[in-house]
Amino acid sequence: MSVPRLQFVGISKLFPAVRALSDVSFSVGAGEIHGLLGENGAGKSTLLRILSGVYRPTAGSVLIDGKPVTLANPVAARAAGVAMIHQELQQVPRLSVAQNMFLGHPLTRGGIFVARREQERRAAEALAAIDPSIDPAAPLGTLKVAQRQIVEIARALLDRARIVAMDEPTSSLTPSEFERLAEVITGLARDGVAVVYVSHKLDEVFGICQRATIMRDGVVVDSVDLASLSEKAVVAMMVGRELAQEHHNSHASGEVMLSVRGLASATKVRDVSFDLHRGEVLGIAGLVGSGRTELLRLLAGVDRASAGTIAIDGKATRFSSPRDAIAAGIGLVPEERKREGIVPLRSITSNMALASMGVFAPRGVIDHTRLKRVAAEKMSRVNLRPFLLDRPIRLFSGGNQQKAIIGRWLSAGTRILLFDEPTRGIDVGAKAEIYHLIEELAAEGHSVIVVSSELPEVIRLADRVLVMRDGTIAAELDRNDISEPAIAAHAIPQTQTPAARPARH
Amino acid sequence: SADLAPLNSDTEKDRIDWSQVEAKFGALPKLPQGTKAGAVSKTLTNEYWRSLGEGYKAFGDKVGVPVVYQAAQSEGDQLGQLTIAEGLVTQGYNVLLVSPQTDANLQPIMEQAKAANVPVVNVNDAVIPQAEHYVGNVQRDNGVRVAKWFIKNRPNGGKVAIVEGQAGVYAAVQRTDGFKTTISESGKFEVVASVPGNWDRQTSYDAATNILQQHPDLIGFYANNDGMALGIVEAVKAAGLQDKVAVFGTDGISDAYASIRAGELTGTVDSFPVLTGEVALETALRLVAGQKLPRVVATPQALITKDNADRYSGAGDAVRKALLEDAAAGN
Amino acid sequence: MSDTTLVQPRTEFLRGFSMRDAGTLIGLVVILVVFGALVPGFFAERNLINILQQSSINACLALGMTLVIISGGIDLSVGPTAALSAVISASMLVAGVPFPLAIAAGFAIGLACGLVNGLLVAYVGLQPFIVTLGTLSTYRALALIYTGGNPVLGLPTSFRAIFNGSLFGLPLAVIIVAGVAVIAWIVLKKTPFGEYLLAVGGNEEAAYIAGVPIARTKIAAYMISGLLAALAAQILVGRLGAAEPILGNLWELDAIAAAAIGGASLMGGKGSVVGTILGAVILGAMRNGLTLMNVQSFYQLLATGLIILAAMLIDRVTRGRG
Amino acid sequence: MSDTTLVQPRTEFLRGFSMRDAGTLIGLVVILVVFGALVPGFFAERNLINILQQSSINACLALGMTLVIISGGIDLSVGPTAALSAVISASMLVAGVPFPLAIAAGFAIGLACGLVNGLLVAYVGLQPFIVTLGTLSTYRALALIYTGGNPVLGLPTSFRAIFNGSLFGLPLAVIIVAGVAVIAWIVLKKTPFGEYLLAVGGNEEAAYIAGVPIARTKIAAYMISGLLAALAAQILVGRLGAAEPILGNLWELDAIAAAAIGGASLMGGKGSVVGTILGAVILGAMRNGLTLMNVQSFYQLLATGLIILAAMLIDRVTRGRG
Ligand SMILES: Nc1ncnc2c1ncn2[C@@H]1O[C@H](COP(=O)(O)OP(=O)(O)OP(=O)(O)O)[C@@H](O)[C@H]1O
Ligand SMILES: Nc1ncnc2c1ncn2[C@@H]1O[C@H](COP(=O)(O)OP(=O)(O)OP(=O)(O)O)[C@@H](O)[C@H]1O
Ligand SMILES: [Mg+2]
Ligand SMILES: [Mg+2]
């Protein structure tokens, strides 16, 4: 048997106060697509960051084609033939798409000037495989998250690397975009590239990976052949327990909590009307760019509506800031966690308490005893890991950051919760917890809106689904009518124009 | 003496000219053993203040009194200067010579020194209202002298311009006012511009360029110090007007003398910092010895032009002699 | 779960006095030891009190500056704000207005100056550096115009006693600023406003979505900075017995230096009250020591520059790659 | 591919001259029109040339500052760097060292000063503001110590002619700075280094992961800033005929103001060469106009402050929510 393309041998990584990896060993052959699975905080990103030269391992070594390599920095890793798609988008918004893709190793004319046209041409080629609609000359900041993620993927393809590491490359992508990505990845494997693929979407992993390594709390549980295992068995290995298959329970009452009429924004949302009932979980589905995020932002007071009314408990309200919406009982769990969700240098507790300072400081001074008690309570409810409430949130894995943001609204006593892609980048275990949580909230009489690009998620959670298309509501599906084909039928524009192209500014 | 009227060094009545001190109070009395003097200057980045320090040192050496001479880190560092002065008081110097950044920033020293029974002499420029002793020249007189030169040497009058020092600084205000008032009273001159130069060569150069551009028929500039005047000289040269425009500075730094000799700067009002330093330390030591002196000891100044530059730029004693002659002659 | 309780006490301690502050403290200790060895009488009680007193005005300003810096801004206009507040309040005193009213007016001016800065930053959305650079000139000009460039003299002696007295052998100014520091510490650590400041400076967008009143928080930071500048002005006027329109020249640089030495990040979201106070004392001790050593002013300037760099280096080394 | 060529000219133009620059240009036009109406002779060719000449030094510094600001830093030490470079180069000239050597030495000093700043920022990881605040004092002190505080006079006239001459009726200084601006524009827009600057200032982590040489990029920015400060010093020395150790006082503020008015963001990642030049001319035109109007010094200070604020406001309004 030939030497594996990539071998991790006894890798350990210690951060101050945290052992992120202990003695991790496994190998990936040339032409293999290898899944890397594990719950939030299992250490997947840390391992890949070691592979891509961002972190140095505390112990252990990485072998490429049997030879130990020193991956001292990203440049060395690239030179060793490693390309990486990072979980957090690593991009410069003010540079163009092509400039971002060639950042660090631009094409030049005579070694002096950046060969822009050439870069843009090559970028377009790489992008064409997944989303040809992206203009390589556009400033990256004008792209939507999903497109930015595609740019990130295309960038890794440019390198013609021997090893491609993908850390949740599809967290913002739709299933159809995944299909195209899958083709690209299989193509890479066919060319002998070793691919390490991290995703919380098990169907994807089962779809394209032959083997997978499963990690839990920084150690390898096992490297397995996926063909011989069920999803359920893999999940059990990931979480260390069996996850109960949950069913949808409705707690919706007839009482209207939130009533939206003719709501519109200056840019995208047009004439949206619907009611949200007490205890109801309302799903909003639609294609990327259909205006779901923007609708939630209007409801949460983040953006101003240009027309229409919002009434809560029958009382018409106007939001001039999220503060007003929060006072009215509405809270948003945003889509872009890093940019819109967390205050990176602050602790989990501070991040959690940010929206409910008034509650914790009834007389102007924060009651830290109470704050700690509530933080401990809420964070154990969302199962934060590691359970270090005073640690800066930036040191937590993405999934755990999300839990703190959810905790924020739990402690603020919010009655209407708006989730924008609530489980993006969140593992199966936590996902189940969050689903359970959403149901509990509904049972307690909260009203919930869930925007999600994962149809199973919508189907699992929603009592009722609104399908958005081009900024407006194309259909309303009752619980009994909810199905993937039904949603897809309404989401896709009837005329055969290409799927809603994002507006550029 | 809390009821001491706020000092105006230019107009104070209780004053004596430096040339009269010896005649009136006799030779410097014997000093207590171990007398040492502390001095705080405004800045050492300007030659004027360094020369003042040389004067202190020269006189100190002559009479065997050690002098420390410290300065703030930059002009305008008001609290830094206060820190320095406070340090000198706590260190037990017998007399303090201070040249404050502003009229008020060394005020606390007056009280601390009083408590420690240390006399304080305010030397030149900014004036501490509570000062019991002041040694220095009449700031206003600076401008007046230059104005008189114009009245005498440019009998036909014409347009003149002023480049001022830092806004709000006593010396700058007084000098400007002296010039403006005197030259305006003559009736033949017009002050077409009076703009800030912030004690800065480059700023003054730019200001002068702009003024000359607007008034090519200008006949003269008056600058509140020599650095600014030397910047103006360059602007005048660049405009090709060196034969038509007279430029005057203030302070009498060595560069100004060099420029006057080279025929570029028309003149400067020298306030003889070295001599001022000597007079100031002498005054301070007389106070240490217990003499009661008038509140202001006026030091000399003279308008220097090419004609008389040599008379005022020789060795220390020669200048002293020349100035004593001037004083006797009453100018 | 079990080790959470173990970790807690240390965490609690670290909250009040972080690793970062320990770094600054080491910097201060090094400087004190060096000067103590070089300068006889440096550790005399009188001299230590002098250091505190000489640091008090800068510390007062630096506390306000720290809050502004944490919010992601900067306030270059503290000196002119102090000057404007000083001359107006002083001329009211000279005109016979009762003390409390005149002092209140001075504080009101400080607040108003801060308000203007805050409004331009928070509502108009201009860059803090350039806004306060503009108001730096503007407020200074107003102070000069108001007084015609002359100092305001002849303040009632009884007024001066308020800010210039002593209590338990400590100058009142030191006690007042210590009080301000305690309040600032409480505000930053214990109140919603403190959390808001850290959040706004740390991630404005996230803070906005979480319902933090961005504009109000920023404006409040600038107003506090203005208020503390006015307080510093009162202390100084009490010390000097006069209010000058050119008072407070270059104060902003010292205040920023103190905050930065103390660990505030000019990128926002980070800063410490304890650190800032230590930073101000480092700068004060340095000036005092250099003067006592009779270092010539050019070399003092050199030492100032090098010590700022050294303090940052020591701090950098002691806290590691943080 | 076919419509690329159609779109090209507009894109190309917009790339060079953005909306943001248009805002700055409007600011400049407003100021010119106002002064033109108030001051007779403001639009005289001679005066316009004066404005350019008087803006040239600040523009030169501001270009370097812009690069540093784009990289996410700031350089407060430009004035003292210029002074140190000026006095050393001038004393070599006075000592009879050949021009090219003396000028090269001056430039080398500028580069060295920038290198120190850059190393402390990039390798030691100190905050740019505080590093250059420290070197601001340090370099100034070195210049003062080197000269004993005295200006260096008696420069050969033939040397002065180099930077003080005219070509086609334009002062050489203006032509030199225009050349520097063109180079800076090309560097920023067309070279990898320009991209790296934007990337490092825009998202340092992403830049690092992409393999951008972070440290080298930052150091280069500070070295360019130092070099341009040295160039500004040569121009000024040529103009004034003297190299003073106190030269360049407060230059940093003017340079930062020009860059900020021109659209540079002190948060990094953003800035425009065209905008900076316009910003420098705005400031120059303002000073010129106020002097010609013979505005009294207090009111000039007031006007300076208000015009900086107004320029930022005009700009803010014209570019909308950007
Ligand atoms: N820079 C750091 N400093 C300290 N701890 C860190 C750092 N980066 C990661 N960790 C910790 O290391 C552990 C592993 O994190 P990692 O990001 O690798 O998890 P992950 O498996 O990628 O999770 P997710 O699925 O949420 O992305 C977590 O406990 C995390 O908090
Ligand atoms: N703050 C904003 N400023 C400008 N344009 C925006 C803003 N937010 C959204 N858009 C644009 O509005 C359009 C609708 O995007 P939106 O994010 O609402 O879609 P979505 O259906 O939520 O898609 P996704 O699932 O990717 O979030 C997009 O073209 C997006 O670029
Ligand atoms: Mg991860
Ligand atoms: Mg969305």
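Treat the numbers as computed from the prediction; the structure is a model and nothing was measured.
In terms of non-hydrogen atom pairs under 4.5 Å with chain B, the most contact-rich of Ile51(C), Leu240(C), Leu153(C) is Leu240(C). Of the listed residues (Leu301(C), Leu247(C), Val295(C)), the one with the most heavy-atom contacts under 4.5 Å to chain B is Leu301(C). Interface remark: of the candidates Leu250(C), Leu292(C), Leu144(C), Leu292(C) forms the most heavy-atom pairs closer than 4.5 Å to chain B.
Closest approach of Leu79(B) to Trp251(C), counting heavy atoms only: CD1-NE1, 3.3 Å. Considering every non-hydrogen atom in both Pro151(C) and Asp103(B), the closest pair reads CG-OD2, 3.4 Å. Nearest heavy atom pair, residue Gln73(B) against residue Thr304(C), reads NE2-OG1, 2.8 Å.
Between the side chain of Glu244(C) and the backbone N or O of Thr102(B) there is no donor-acceptor pair closer than 3.5 Å.
Residue contact with chain B, scored on non-hydrogen atoms closer than 4.5 Å, involves the side chain of Gln296(C) exclusively. Using a 4.5 Å cut-off between heavy atoms, Thr43(B) makes no contact with chain C at all. Using a 4.5 Å cut-off between heavy atoms, Pro108(B) touches chain C through backbone and side chain atoms alike. Interface remark: Gln166(B) contributes no atoms to any contact with chain C (heavy atom separation under 4.5 Å).
No hydrogens or angles considered: nothing links the side chains of Ser297(C) and Gln70(B) as a donor-acceptor pair under 3.5 Å. Counted by atom type alone, Asn249(C) and Gln78(B) present zero donor-acceptor pairs between their side chains at under 3.5 Å.
Within residues 39-46 of chain C, the residues that have a heavy atom under 4.5 Å from a heavy atom of chain B are Arg46(C), listed by number. Proximity to chain C among residues 80-90 of chain B is limited to Gly80(B), Leu82(B), Thr83(B), Ile84(B), Glu86(B), Gly87(B), Thr90(B), judged by heavy-atom separations below 4.5 angstrom.
We find the CD-CD1 distance between Gln101(B) and Ile246(C) to be 8.5 Å, quoted to the nearest 0.5 Å.
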